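Encoded as structure tokens, the structure appears first; notes follow it.
Quick note on labels: first sequence line is chain A, next is B, and so on, each numbered from 1. Computed from a predicted structure; not experimentally measured. For the numbers below, each heavy atom of this structure counts, side chains included, while hydrogens, waters and symmetry mates do not.
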Protein chains: 2
Amino acid sequence: MTNLLDSTRERILAAAEELFARTGVATTSLRAITALARVNLAAVNYHFGSKDGLVEAVYRRRLEPLNRARLSNLEKVEAAAGGAPPALEDVMEAFIVPVVKLGQDPAQGGPTVMRLLGQTHTEAAGYFRTYFAGEYREVLERYQDVLARILPDLPPEQIKNRLAFLVGAMTYPIAERQLLELLTGEEVCRQDIDTMMKQLVPFAVAGFRAPPVSSRRKRASSTRKKSSSTRSRQ
Amino acid sequence: MTNLLDSTRERILAAAEELFARTGVATTSLRAITALARVNLAAVNYHFGSKDGLVEAVYRRRLEPLNRARLSNLEKVEAAAGGAPPALEDVMEAFIVPVVKLGQDPAQGGPTVMRLLGQTHTEAAGYFRTYFAGEYREVLERYQDVLARILPDLPPEQIKNRLAFLVGAMTYPIAERQLLELLTGEEVCRQDIDTMMKQLVPFAVAGFRAPPVSSRRKRASSTRKKSSSTRSRQ
DNA sequence: TCCCGTTTCAAACAAGCGTTTAATTGTACG
DNA sequence: CGTACAATTAAACGCTTGTTTGAAACGGGA
């Protein structure tokens with residue numbers, strides 16, 4: 001049967017993860033993967049059936065623990081709060097911190113896997129849709145429910161939107177770390193992603209606490225006076 | 001010389017934009033593009049030199065006006081404020097609204113181009129790095145300077161980080177609209193992207209106004225050991 | 001030892017890719 | 001008209017892609 005270390009299978013997964021994270025799924029050939037893994041080309045089809053099967057395996061290995069951690073973190077936060085709505089900041093951390101830990105722990109993939117996750121919602125969107133949408137949806141719905149209790153004045157669809165903002169704010173800097181370097185100078189990159197993700201917590205907390213956007217009137221007064229310009233053309 | 005309507009060139013651009021937005025650059029073949037444009041295969045290399053040249057042309061056509069609008073919007077906001085720091089909300093709108101307008105105006109590309117832009121920072125990152133990094137960087141630096149004046153207590157690197165959060169929060173829902181549908185139900189998609197982007201403004205305003213994260217004291221690490229005390233703020 | 005299922009291997013496969021060629025058509029101008 | 005240049009076309013180029021094949025090597029149980 002399969003060895004516990006299963007060198008071939010594991011090395012294919014590691015090499016594929018590395019290359020997928022670096023240059024994307026579509027542009028990574030099986031030959032590049034098997035060369036890096038120092039394994040025969042046919043081994044991929046033998047162990048994973050197809051390239052698609054390999055892609056699914058690569059992502060599943062990382063996404064499942066991540067989603068499990070997010071759910072269990074949320075349960076803990078709720079349990080600690082008793083029956084009352086938990087603190088918004090705790091909920092944000094329950095969602096964000098598992099990603100930070102993923103990036104910190106080489107056994108879970110380390111920095112490489114962060115870039116891999118960043119591609120989940122773009123390059124690998126097809127596979128994601130096919131294989132993981134259900135599980136991820138469950139996670140988001142759970143968080144949405146809790147957030148609705150914390151922010152009873154915020155309409156459900158605005159909660160959903162802000163959750164999407166949060167996912168984007170988390171995903172983009174992870175995926176585009178090196179691009180960010182070009183765009184904003186080196187300082188963003190000299191600090192590690194962990195620091196950045198921790199700074200995301202107060203940003204998201206404040207964003208969620210922003211007053212609801214009233215649907216009939218275009219804008220209600222924000223937290224501060226807003227004078228000056230009428231809305232000018234583009 | 002080139003015709004003003006230049007049917008061949010324009011139809012290649014339109015078809016490529018459509019397919020790039022739908023399935024990405026790497027997985028879109030020149031044959032698929034020319035078939036959709038009902039144009040000969042060799043026309044791409046004749047008019048654009050290579051596939052890379054086509055990719056650059058497709059993105060340049062949309063990115064240049066977008067960045068120009070963001071810069072001129074910012075100038076207007078600053079001019080309207082006189083010498084004083086402009087309102088944060090105006091600055092956020094100056095950054096976000098051009099994207100909304102892009103999605104509303106079919107002449108500028110409409111919804112298709114929104115998905116295209118969503119891929120800018122992932123799939124097309126290579127081309128982006130090569131051709132557009134400089135221009136985009138200039139835009140971000142200008143905004144960063146203005147934000148530094150509005151939020152003097154926020155360290156520059158945290159401004160950069162929050163700008164990255166903003167870009168992500170804007171990019172992701174645009175790029176992954178259909179994925180969002182699967183994840184959070186249909187409501188997110190029944191409303192249009194424009195509404196969503198407008199809701200992003202107060203979210204981002206509040207996020208930027210969040211107090212700076214002090215660098216020396218680091219938060220207790222995990223969700224496990226943490227009192228769920230409400231953080232006083234706002 | 002032999003056997004048998006599992007795993008590895010080199011080689012080849014058809015299909016699709018971006019690009020190039022050389023010939024043809026279209027079109028404006030002297 | 002005829003010439004010159006721009007644009008289009010069908011066909012082919014060489015190369016890479018994911019996948020399959022059939023044989024070789026491995027590794028414990030009888």
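One finds no salt bridge joining A:Glu17 and A:Arg22 here, because no Lys/Arg side-chain nitrogen approaches an Asp/Glu carboxylate oxygen to under 4.0 Å. Between B:Glu141 and B:Lys160 there is no salt bridge, since no side-chain nitrogen of the basic residue lies less than 4.0 Å from a carboxylate oxygen of the acidic one. A salt bridge does not link B:Glu138 with B:Arg142: every distance from a Lys NZ or Arg NE/NH1/NH2 to an Asp or Glu carboxylate oxygen is 4.0 Å or more. Taking a cutoff of 4.0 Å between a charged side-chain nitrogen and a carboxylate oxygen, B:Arg60 and B:Glu135 qualify as a salt bridge.
Non-hydrogen atoms lying under 4.0 Å from DNA chain C are contributed by A:Arg31, A:Asn40, A:Ala42, all within residues 26-44 of chain A.
Remark: C1' of D:dA7 and CZ of B:Arg11 are 14 Å apart, rounded to the nearest angstrom. Spacing between atom OH of A:Tyr46 and atom C1' of D:dA25 amounts to 13 Å, rounded to whole angstrom units. For the pair B:Ile12 CD1 and D:dT9 P, the interatomic distance rounds to 10 Å; values are reported in whole Å.
The side-chain contact (heavy atoms from CB on, under 4.5 Å) test with A:Thr28 singles out one residue from A:Val55, A:Leu36, A:Ile33, and that residue is A:Ile33.
Side-chain proximity of A:Asn45 to C:dT19, D:dT19, C:dT8: nearest is D:dT19.
A side-chain donor-acceptor contact under 3.5 Å links B:Asn161 and A:Gln199.
One finds no side-chain N or O of B:Thr8 lying less than 4.0 angstrom from the OP1 or OP2 phosphate oxygen of D:dA7. Dashed line: the shortest gap from a side-chain N or O of A:His47 to OP1 or OP2 of C:dT8 is under 4.0 Å.
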